[in-house]
Amino acid sequence: MAAQAIHQFAECITCHAWSPDHSMIAFCPNTTEVHIYKFFTDKWEKLHVLAKHDQIVSGIDWSRSSNKIVTVSHDRNSYVWTQEGQDWVPTLVILKLNRAALCVQWSPKENKFAVGSGAKSVSICYYEQENNWWISKVIRKKHESSVTSIAWHPNNIHLATTSTDGKCRVFSTIIKGVDTRGPHAGASVDWKFGEQIAQLDLSPTWAFGVRWSPSGKTLAYAGHSSMIYFVDDVEGSPAVQNLALRDLPLRDILFVSEKMAIGVGFDCNPLIFAADETGLWSFVRYLDERKVTPSTSKASQLSEALGKLYGQSRQGSSSDTVEPSKPRGGAHENCITCIVPLRKGSESIVKRFSTSGLDGKIVVWDLENHITIPK
């Protein structure tokens, strides 16, 4: 199996993130807390509990260089956690939100981070040395609904977002005194803060899981209508490819190389997508091996599904209990909501990654010995 390790940490996991050396993992067990575990010899042990939020923690990101943890919650707050000795000390971030914070991500240079929210806005947060606090500038104008996911471009300036209004947008986040012209900046420094660079109106339903390829040339995101969209040259003349999935919708996407991506979601099984030499994207296969009972037919699956829908047994008699769904035979048994790369150093190709979901599992996947990753 491509699943290298399967860890059952809780009944349900909202999100997770790894420490820079991958020796520790932080996750939210669908509560107001963040648990940090470390692997010792042959088992995981709980080291810390970050308890500052008042409602469910909806996003976690652990910076690779500065070793800081940022968390956001439905309580509309965000904290940056810094390790001092054996303790993690929180610093409140001024988000200026009147709705729940839904997602968070450090920028590539880790000098700022972005927070998507249910307030139809994105907060770009940065550290103000003079006052010793984290403050934010808010992009308010364009979103018509909740921001479900965010992704930083490698140039540290462009930020892509998806929303429940079905649109994917790209904004400039350049902040005077924080951002400087870099090798990947190009014309991006000419944009003003909060200026919309592109808007992609491809999905008729909610949009999720936006990601940039390692070079920043390709943007991908998922629609709740079981679609995945690949867009090249977003800033110039966008070239769009739409792929319809035969199964359930995706929730998150990860580029493992410039020409290969992994999608995860309600099908409980990572999907592999790859581009050929001409740049045409297609579905390759499921990553996890499925164990399907030979006697199971489509007719019986349909009958069972209808029985569950109407709260009845397969014989048609009414019942107060519904037969529990049978295990899918894979590593995950419920929706996968989060996928995180496990990179070594500065390598651009992701050979290992982890996923977490509503089944309370965190699964580490190894691609190197199971599939050829195109560069």
Side-chain angles (χ1 to χ4, degrees), residues 1-18 22 25-31 34-35 37 39 43-44 56-61 103 148-149 206 208-209 211 220-224 226-228 243 245-256 260-273 283-293 296 301 304-305 308 322-342 350-371 373:
M1 287 180 63
Q4 188 178 32
I6 302 175
H7 308 291
Q8 182 78 52
F9 284 108
E11 292 184 1
C12 178
I13 291 179
T14 310
C15 48
H16 76 281
W18 292 87
H22 305 154
I25 188 168
F27 64 87
C28 169
N30 201 36
T31 65
V34 173
H35 296 181
Y37 278 72
F39 190 76
K43 64 178 181 178
W44 290 90
I56 289 177
V57 175
S58 50
I60 306 171
D61 200 13
C103 49
T148 57
S149 67
W206 298 349
F208 294 99
R211 291 279 181 143
Y221 69 100
H224 206 56
S226 290
M227 296 286 293
I228 183 171
L243 289 183
L245 309 179
R246 65 183 182 184
D247 290 311
L248 301 177
L250 301 177
R251 280 296 308 271
D252 206 357
I253 299 170
L254 172 68
F255 277 93
V256 296
M260 180 171 284
I262 305 293
V264 296
F266 291 92
D267 205 48
C268 314
N269 194 342
L271 287 75
I272 303 174
F273 301 92
F283 168 69
V284 179
R285 66 176 178 88
Y286 284 99
L287 180 59
D288 203 7
E289 297 176 358
R290 293 200 176 199
K291 299 177 182 179
V292 181
T293 306
T296 302
Q301 290 176 355
E304 183 180 357
K308 292 175 183 177
V322 179
E323 181 184 356
S325 59
K326 297 179 180 178
R328 291 176 174 264
H332 280 288
E333 297 180 3
N334 208 330
C335 175
I336 304 173
T337 58
C338 183
I339 180 170
V340 178
L342 292 169
V350 177
K351 298 177 182 178
R352 296 171 68 241
F353 63 89
S354 62
T355 57
S356 63
L358 303 184
D359 57 2
K361 295 179 181 178
I362 293 179
V363 181
V364 178
W365 304 84
D366 181 17
L367 294 176
E368 191 169 13
N369 300 321
H370 293 85
I371 191 170
I373 305 176

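Predicted, not measured: the structure shown is a model, and the values here were computed from it. We're numbering straight along the sequence, starting at 1.
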For Ala331, is there any backbone N or O sitting under 3.5 Å from a side-chain donor or acceptor partner on Asp288? yes
Starting from the C-alpha separation in whole Å, work towards a yes-or-no answer on side-chain contact (heavy atoms from CB on, under 4.5 Å) for Ile56 and Asn30. CA-CA 6 Å; Ile56 289 177; Asn30 201 36; 3.7 Å; yes
Using a 4.5 Å cut-off on heavy atoms from C-beta on, say whether the side chain of Ile262 contacts that of Ile272. yes
How far apart are the closest heavy atoms of Gly263 and Leu250, and which atoms are they? C-CD2, 3.8 Å
Atom pair CG (Leu248) and SG (Cys268), whose distance is rounded to the nearest 0.5 Å: 7.5 Å
Do the side-chain N and O atoms of Thr148 and Trp206 include a donor-acceptor pair separated by under 3.5 angstrom? no
State, yes or no, whether a side-chain contact exists between Ile228 and Leu245 at a heavy-atom distance under 4.5 Å. yes
Should the pair Tyr37 and Phe27 be assigned to parallel (<30°), tilted (30 to 60°) or perpendicular (>60°) ring geometry? parallel
Can you tell me if Arg211 uses its side chain to pair, donor with acceptor, with the backbone of Ile253 under 3.5 Å? yes
Would you mind reporting whether Leu367 and Leu287 have side-chain heavy atoms less than 4.5 Å apart? yes
What's the spacing between Lys351 NZ and Ile373 CD1 if we round to 0.5 Å? 7.5 Å
Is a side-chain donor or acceptor of Ser226 paired with a backbone partner of Asp247 at a separation under 3.5 angstrom? yes
Measure the shortest side-chain to side-chain distance between Trp44 and His7 over non-hydrogen atoms and say whether it is less than 4.5 angstrom. yes
Are Arg251 and Ile336 packed together at the side-chain level, in the sense that at least one heavy-atom pair is separated by less than 4.5 angstrom? no
List the atom of Ile362, the atom of Ser356, and the distance in Å for their closest heavy-atom pair. CG1-CB, 3.9 Å
Minimum-distance pair of heavy atoms, taken over all atoms of His35 and Pro29: CE1-CG, 3.7 Å
Evaluate the ring planes of Phe353 and Trp365, with Trp represented by its six-membered ring, and classify them as parallel (under 30°), tilted (30 to 60°) or perpendicular (over 60°). parallel
Smallest heavy-atom separation, Gly209 atom then Asp252 atom, equals CA-OD1, 3.8 Å
So Arg285 and Ile371, do their side chains get closer than 4.5 Å, heavy atoms only? yes
Distance from Leu271 atom CG to Arg246 atom CZ, nearest 0.5 Å? 8.5 Å
Does Asp359 reach the main-chain N or O of Lys361 with its side chain, forming a donor-acceptor pair under 3.5 Å? yes
Taking every non-hydrogen atom, the tightest pair across Thr31 and Cys28: O-SG, 3.2 Å
Heavy-atom closest contact (Cys15 atom, Val57 atom, distance): SG-O, 4.1 Å
Below 4.5 Å, heavy atoms only, C-beta onward: do Thr337 and Leu358 meet side chain to side chain? yes
Validation row, ring centre His22 to ring centre Phe39 under 6.0 Å: no
Less than 4.5 Å apart, side chain to side chain, heavy atoms only: is that true for Ser354 and Trp18? yes
